[in-house]
Amino acid sequence: MAKIAPSILAADFAKLGSEVADICDGGCDYIHVDVMDGAFVPNISFGSAVMKSLNIYATAPYDVHLMIENPDQYLEEFVTENTEYITVHYEACPHICRTISHIKEQGVKAGVSINPGTPVSCLEAVLPFVDMVLVMSVNPGFGGQQFIPETAEKVAELNKLRQTKGYSFEIEVDGGVSDKNAGLLASNGADILVAGSAVFKHEDRAEAIMKIKQIDA
Ligand code: DX5
Ligand code: ZN
């Protein structure tokens, strides 16, 4: 059964505290924190101050997804007692291995993400060092987009690579995930499914979380 990381980008920002409490009570495994800078992606979301203010409501760990240029400059800001993963984009990091080391030096787990247009082969050199690979299944920048089916193949490719090479990274999928594709993604090897709209646009968040979890059971 895959773990579920609801993205708070789809939450009601006017009541973010209770939205976070709601998904935690609803049994989420992580809280997916989408940080956008208006440069790497064509949208601005929120920064570390907003995330830190949610610590008092968060009983699940943060899974921080940095969709920003020059992430090395801001990494420390996202390290809190509640941060488990910090993920950066391969496309935003000219020195990806150095950035991954930098994240680990902060005492948190390090993830690397690839856009739909970036092949898995680009990650070859960094795979031995990462704790997670985040496969983007939409072009990053916005919630509520349609899942790109071809990206499910990348999950299978990564799963095969980690088996043959003995790597231990988790595979996460982000973008347009719902109960319609959760089964396929989990059977291809996904460990963590990010779901924004599929959880927050649902009145009963616990039910929405369970629906995705059960479908791939
Ligand atoms: C996209 C974000 C995703 C997004 C997921 O740039 O990284 O995490 O919020 O939202 P849904 O599930 O609505 O596609
Ligand atoms: Zn995300």
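These numbers come from the heavy atoms of this one structure, side chains and all, not from hydrogens, waters or symmetry mates. Every number for a ligand or one of its atoms is a count from 1 in the order of the listing.
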Side-chain donor/acceptor of S178 to backbone N/O of A198, under 3.5 Å: no

Nearest-neighbour protein heavy atom for atom 3 (C) of ligand 1, which is reported as residue plus atom name and distance: D174 OD1, 2.9 Å

Residue H32 vicinity, atoms of ligand 1 by number, heavy atom under 4.0 Å: 8 (O)

Closest protein heavy atom (residue, atom, distance) for atom 13 (O) of ligand 1: S197 OG, 2.5 Å

Heavy-atom closest pair, residues G176 and V138: N-CG1, 3.9 Å

Polar atom proximity, G141 to ligand 1 (N or O, under 3.5 Å): yes

N or O contact, N139 vs ligand 1, cut-off under 3.5 Å: no

Verdict with supporting geometry, M210 and E207, side-chain contact (heavy atoms from CB on, under 4.5 Å): CA-CA 5 Å; M210 270 324 290; E207 193 183 292; 5.8 Å; no

Minimal non-hydrogen separation, M136 against D174, with atom names: CE-O, 3.4 Å

Atoms of ligand 1 close to L9 [distance to a heavy atom under 4.0 angstrom, numbered from 1]: 9 (O)

Protein heavy atom at shortest distance from atom 12 (O) of ligand 1: G196 N, 2.8 Å

Reported CG-to-NZ distance for the pair D63 and K3, which is rounded to 0.5 angstrom: 10.5 Å

Atom indices of ligand 1, in the order listed, that fall short of 4.0 Å to a heavy atom of M67: 6 (O), 7 (O)

Numbered atoms of ligand 1 (with element) below 4.0 Å of G175, judged on heavy atoms: 14 (O)

Test of proximity, M36 against ligand 1: N or O pairs below 3.5 Å: no

Angle in degrees, rounded to 10°, that NE2 of H32 and OD1 of D34 form at the Zn ion (ligand 2): 90°

Numbered atoms and elements of ligand 1 in range of H65, under 4.0 angstrom, heavy atoms: 7 (O)

Which residue and heavy atom of the protein sit nearest atom 1 (C) of ligand 1, plus the separation: F142 O, 3.5 Å

Which atom of T59 lies closest to which atom of C24, heavy atoms considered: OG1-CB, 3.1 Å

Name of whichever N/O/S atom of D174 is nearest to the Zn ion (ligand 2): OD2

Trace of the side-chain contact (heavy atoms from CB on, under 4.5 Å) decision for L134 with H32: CA-CA 12 Å; L134 197 180; H32 188 78; 4.2 Å; yes

Name of whichever N/O/S atom of H65 is nearest to the Zn ion (ligand 2): ND1

Which atom of T99 lies closest to which atom of L75, heavy atoms considered: O-CD1, 4.3 Å

Side chain, backbone, both or neither: A195 near ligand 1, heavy atoms under 4.0 Å: backbone

Ligand-residue contact atoms, ligand 1 with S7, heavy atoms, under 4.0 Å: 8 (O), 9 (O)

Closest contact, heavy atoms only, G143 versus L9: N-CD2, 3.8 Å

Sequence neighbours excluded - salt bridge (charged side-chain N to carboxylate O under 4.0 Å, His left out) pairs with any residue from residues 12-41: E19-R205, D22-R205, D29-K213

Whether K104 side chain and F129 backbone form a donor-acceptor pair below 3.5 Å: yes

Minimum-distance protein heavy atom relative to atom 14 (O) of ligand 1: G176 N, 2.8 Å

Closest heavy-atom pair and its distance - E170, Y85: CG-OH, 3.5 Å

Protein heavy-atom partner closest to atom 9 (O) of ligand 1 - residue, atom, separation in Å: D34 OD2, 3.0 Å

Whether Q145 side chain and N139 backbone form a donor-acceptor pair below 3.5 Å: yes

Enumerated ligand 1 atoms positioned under 4.0 Å from heavy atoms of P140: 6 (O)

Interfacing atoms of ligand 1 (cut-off 4.0 Å, heavy-atom, G144): 11 (P), 13 (O), 14 (O)

